[in-house]
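So that the names make sense, note that chain A is the first sequence line, chain B the second, and so on, each numbered from 1. Atoms considered below: every heavy atom in the structure, side chains included; atoms not considered: hydrogens, waters and symmetry mates.
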2 protein chains.
Amino acid sequence: MSEGRRERADAVRNRRAILRATEELLAGRRPEQISMEQIAAAAGVGKGTVFHRFGSRTGLMLALMRERALDLDEAVRSGPPPLGPGAPARERLYAFLDAVVEVVGRNKSLLAELDHAAGTAAPSTGEAPPTAHPVYLGWHAHLSALLAELRPDLDTELVAHLLLGSLQSNPLLRLLEQGEGRRIAGTLRDVAGALVDR
Amino acid sequence: MSEGRRERADAVRNRRAILRATEELLAGRRPEQISMEQIAAAAGVGKGTVFHRFGSRTGLMLALMRERALDLDEAVRSGPPPLGPGAPARERLYAFLDAVVEVVGRNKSLLAELDHAAGTAAPSTGEAPPTAHPVYLGWHAHLSALLAELRPDLDTELVAHLLLGSLQSNPLLRLLEQGEGRRIAGTLRDVAGALVDR
DNA sequence: ACCGTACTGGACCGCCGGTCCAGTTGTCCA
DNA sequence: TGGACAACTGGACCGGCGGTCCAGTACGGT
């Protein structure tokens, strides 16, 4: 994927403008009420440019989500404990759940959009694999690993899906919207704790 | 809501035809790939009729979901134990989780559609309350009550959302599609069990 | 200064959910 | 039995969306 050609300066400028514009619009309205044309207008570019850079609506949203999830990703991979490596698995688990709830809370609408978009795949080879988005996959891998360390007897892959999936569901996103983040983080801890402290 | 006027015979016939047609189409493709026009054609009626009877796409999907969830609802409210009243709360909890997984499994695509539609409310009074659909609310109420009986110290409302929400998430629905229902039911039992058997 | 190429933007396309209304049909009452 | 009225019907129609296309533009290496 690494191009030999450098990216042109105006292309960079426009890509950033589009991402910023999307962020601003997203802060005000629900994502399904924002059209690609509005985004283009807000960014001061043509609609064609938006699609040229991001491929599709989903591609744009995904790019934005990647950007937003980068910090957490780095903190988990090489940051200081307890989020990063070095702390005991249980501490890392709790820290990670708290962090995920926080990130999800700051990106509810984006996640709702991506979750829905996951079903709509490219019509290229007839039946494209409708995988979850990369950000989710990363979270899931990390969570599975932590759980497996603590309870190797469980179906940790599935438990990780259960824990993360619940955060993506509409009722939870609604609560997050109402600032119930701390309450959710606490209860998620209770649930995970019940699983882990046997 | 109880009308004094009886429903006309042809209206009943058409309503059933539309629901059946929707079911058949839903069995073959993902719901977002089915247009209202296709449904109308498959049912042998005009598009106007579909909207007249169900109000909107969401209304139609909801009507279908209600129909599908009726059996479980009755079994829980007045059926034999352990699903119905009479069994100890723990048994009822396990039985209910199993039953919900089964119903969700038979209606994944429908639920995905409704979950997404929950965000898009009627543009009537500016900002309509984007509540979850009635079927979900019913399940949530029942599950909350059972949990509260077993662990009154927990935030059972929220735990119920976590358990049910996870089933609505895309990754889980994907697994359900691949026939992993039993695996999911089992793990859900493990999670609930860890919470309840302290 | 020049040239090739990647980038740009807005007209355009097909489709979708939803509306409208003129015509039809079931139902009730006399 | 028949007539009148409301409820139902269906397909033409609408605004708007995501996505495509391509002629024109402007960047950046040489």
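Judged as a ring-ring contact (aromatic ring centres under 6.0 Å, His included), not a single pair has a partner in residues 60-90 of chain B (not counting sequence neighbours).
A salt bridge links B/Asp197 with B/Arg90: the closest approach of a Lys/Arg side-chain nitrogen to an acidic carboxylate oxygen falls below 4.0 angstrom. Contact check on B/Glu7 versus B/Arg53 returns a salt bridge, with a Lys/Arg side-chain nitrogen under 4.0 Å from an Asp/Glu carboxylate oxygen. Looking at B/Arg20 and B/Glu67, a side-chain N of the basic residue comes within less than 4.0 Å of a carboxylate O on the acidic one, giving a salt bridge.
Ring orientation note: the planes of A/Tyr136 and A/His133 are nearly perpendicular, at an angle over 60° on the 30°/60° scale. Note on ring orientation: taking the six-membered ring where Trp is involved, the planes of B/His142 and B/Phe96 are perpendicular (angle over 60°, cut-offs 30° and 60°).
We find that CZ of B/Arg57 is positioned 13 Å from C1' of C/dC15, with the value rounded to whole Å. Residue B/Ile39 contributes atom CD1, which lies 8 Å from atom P of C/dG17 at whole-angstrom precision. Taking atom CD of residue A/Gln38 and atom C1' of nucleotide D/dG15, one finds them 14 Å apart after rounding to whole Å. Look at CD on A/Gln33: it is 12 Å from P on D/dG18, rounded to the nearest Å. In this structure, A/Glu7 places its CD atom 13 Å from C1' of D/dC27, rounding to the nearest Å.
Nearest-nucleotide assignment on DNA chain D puts the 5′-proximal partner with B/Val45, out of A/Ser35 and B/Val45. If you find the closest nucleotide of DNA chain C to A/Arg53 and to A/Glu37, the one lying nearer the 5' end belongs to A/Arg53.
For the pair A/His52 and C/dT8, the criterion of a side-chain N or O lying under 4.0 Å from OP1 or OP2 is not met.
Counted within 6.0 Å of CD on A/Glu157, heavy atoms from surrounding residues, nucleotides or ligands total 12 or fewer; the atom is thus considered open. For CZ of B/Arg106, the number of neighbouring non-hydrogen atoms (other residues, nucleotides, ligands) closer than 6.0 Å is greater than 12.
Atom CE of B/Met61 sits about 5.5 Å away from atom CG of B/Leu26, to the nearest 0.5 Å.
For B/Ala11, taking side-chain heavy atoms from C-beta onward, the closest of the listed nucleotides D/dT9, C/dT27, C/dC7 is D/dT9.
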Any protein N or O atoms within reach of nucleotides 21-26 of chain D? Criterion: under 3.5 Å, listing atom names and distances.
none

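For the segment residues 12-26 of chain A, the set of residues with a heavy atom within less than 4.0 Å of an atom of DNA chain C comprises A/Asn14, in numerical order.
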